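What you are looking at is a predicted structure, and each value in this text was computed from that prediction instead of being measured.
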Amino acid sequence: MHAAVIVFPGSNCDRDLAVAFERAGARVSMVWHKDTALPEGVDIIGVPGGFSFGDYLRCGAIAANSPICRSVVGHAEKGGYVLGVCNGFQILTETGLLPGVLLRNANLKYICKPVELCVETADSPFTAGYDAGQTITVPIAHHDGNYFADAETLKRLHGDARVAFTYADNPNGSVDDIAGILSGNRRVLGMMPHPERMAETLHGGSDGAPMFDSLVDQLANA
């Protein structure tokens with residue numbers, strides 16, 4: 001499987017994401033935000049965490065207008081796979097690939113700690129390595145992770161089983177405890193917690209590893 005990890009000014013989890021993909025057996029290309037095209041044969045795009053463009057406007061808003069994001073959107077619209085983590089999730093909402101918005105944490109403070117997540121669905125390439133209802137531990141590190149969407153969007157997300165993860169103990173005020181959501185075709189996942197930071201035992205746990213393992217297995221056998 002060939003993964004492309006997008007790098008923006010201010011990204012700080014790009015290498016972490018690349019290493020997690022490589023550990024699972026993927027070949028990884030790092031792609032600069034000013035590039036206009038993805039490498040040949042990319043199966044999945046990783047949009048990493050960090051503080052793209054310093055979060056000087058609205059988290060992810062400037063990055064979403066980088067040249068490479070047109071190719072990211074095109075890849076997703078053609079049925080390609082995209083994983084956006086933390087700032088990457090914010091960027092995916094700003095591009096319109098995922099609904100909703102990420103607001104300031106309810107306590108208006110930056111939060112960095114491991115949290116427990118409930119796996120809400122195993123019916124996606126991202127979550128197939130887990131069991132629905134399973135609890136996993138994954139770290140968060142964000143100031144603007146408070147997910148919000150209108151009532152109609154929430155009804156659609158829940159009705160189509162597109163809520164991928166929820167917080168067991170909501171740290172940031174996200175509506176309905178939402179920690180991650182899927183696109184309508186289930187090939188785009190945005191999540192605030194960092195599975196790449198819990199992908200091997202030296203990280204203090206490996207609950208993030210099944211996400212990358214199942215992605216590589218499913219796409220390699222597709």
Side-chain angles (χ1 to χ4, degrees), residues 1-22 24 26-39 42-55 57-102 124-127 138-145 147 162 164-165 178-197 199 208 211-212 215-216 219:
M1 189 188 80
H2 188 185
V5 175
I6 310 300
V7 184
F8 300 94
S11 294
N12 65 14
C13 298
D14 45 323
R15 178 165 172 75
D16 305 67
L17 197 53
V19 169
F21 277 124
E22 288 172 345
R27 175 168 64 95
V28 178
S29 297
M30 308 301 283
V31 181
W32 184 234
H33 75 111
K34 285 189 176 181
D35 293 345
T36 57
L38 296 165
V42 165
D43 299 296
I44 184 166
I45 298 170
V47 188
F51 304 91
S52 59
F53 295 93
D55 289 345
L57 180 57
R58 189 174 61 246
C59 295
I62 300 176
N65 287 282
S66 288
I68 195 60
C69 279
R70 288 191 288 272
S71 292
V72 173
V73 171
H75 176 81
E77 288 178 342
K78 290 185 290 187
Y81 295 83
V82 183
L83 169 63
V85 177
C86 198
N87 187 226
F89 185 11
Q90 295 162 344
I91 293 168
L92 294 184
T93 62
E94 291 289 345
T95 62
L97 286 176
L98 291 173
V101 66
L102 281 307
S124 82
F126 304 93
T127 57
V138 180
I140 57 170
H142 58 248
H143 191 272
D144 297 68
Y147 181 77
R162 288 170 51 194
F165 300 101
I178 290 173
I181 61 171
L182 294 157
S183 61
N185 66 2
R186 314 185 82 75
R187 294 188 174 197
V188 179
L189 171 68
M191 60 186 297
M192 286 309 297
H194 288 268
E196 78 283 4
R197 293 187 182 180
M211 177 178 296
F212 298 95
L215 276 169
V216 170
L219 298 187

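- Among all heavy-atom pairs drawn from Val216 and Ala24, the shortest one is CG1-O, 3.4 Å.
- The shortest non-hydrogen separation linking Ala164 to Leu182 is CB-CG, 4.1 Å.
- Annotation: side chain of Val31 is in contact with side chain of Pro39 (closest heavy-atom distance under 4.5 Å).
- Distance CE/Met30 to CG/Asp35: 12.0 Å, rounded to 0.5 Å.
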Can you give each donor-acceptor pair under 3.5 Å made by side-chain atoms of residues 5-18, sequence neighbours left out, with the distance rounded to 0.1 Å?
| unit_1 | atom_1 | unit_2 | atom_2 | d |
| --- | --- | --- | --- | --- |
| Ser11 | OG | Phe8 | N | 3.0 |
| Ser11 | OG | Phe8 | O | 3.2 |

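- Without hydrogens or angle criteria, Arg27 side chain to His2 main chain gives no donor-acceptor distance under 3.5 Å.
- Residue Met211 holds its CE atom at 3.5 Å from CZ of Phe165, rounded to the nearest 0.5 Å.
- With contacts defined as side-chain heavy-atom distances shorter than 4.5 Å, the pair Ile44/Phe126 qualifies.
- Between His143 and Asp55 the shortest side-chain heavy-atom distance does not fall below 4.5 Å.
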Under 3.5 Å donor-acceptor pairs involving side-chain atoms of residues 59-74, not counting sequence neighbours:
| unit_1 | atom_1 | unit_2 | atom_2 | d |
| --- | --- | --- | --- | --- |
| Asn65 | ND2 | Ala61 | O | 2.9 |
| Ser66 | OG | His33 | ND1 | 3.2 |
| Ser66 | OG | Ala63 | O | 3.3 |
| Ser71 | OG | Thr36 | O | 2.6 |

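- Asp43 CG to Leu38 CG: the interatomic distance, rounded to the nearest 0.5 Å, is 11.5 Å.
- Here the closest non-hydrogen pair linking Val82 and Ala76 is CG2-CB, 4.0 Å.
- Closest approach of Asn87 to Gln90, counting heavy atoms only: ND2-OE1, 2.8 Å.
- Of all heavy-atom pairs spanning Phe21 and Gly46, the tightest one is CE1-CA, 4.4 Å.
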Please list every donor-acceptor pair under 3.5 Å in which a side-chain atom of residues 187-194 meets a protein atom from a residue at least two apart or in another chain.
| unit_1 | atom_1 | unit_2 | atom_2 | d |
| --- | --- | --- | --- | --- |
| Arg187 | NE | Tyr81 | OH | 3.4 |
| Arg187 | NH1 | Gly79 | O | 2.7 |
| His194 | ND1 | Glu196 | OE2 | 2.7 |

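- If you take CG on Leu92 and CG on Leu83, they are separated by 8.5 Å, rounding to the nearest 0.5 Å.
- The distance from atom CG of Asp144 to atom CZ of Phe89, rounded to the nearest 0.5 Å, is 12.5 Å.
- Atoms CZ and NE2, from Phe51 and His142 in turn, are 10.5 Å apart once rounded to the nearest 0.5 Å.
- Side-chain contact between Pro48 and Val85 is absent, with no heavy atoms from C-beta onward closer than 4.5 Å.
- Across all non-hydrogen atoms, the minimal contact from Met1 to Leu215 is SD-O, 3.8 Å.
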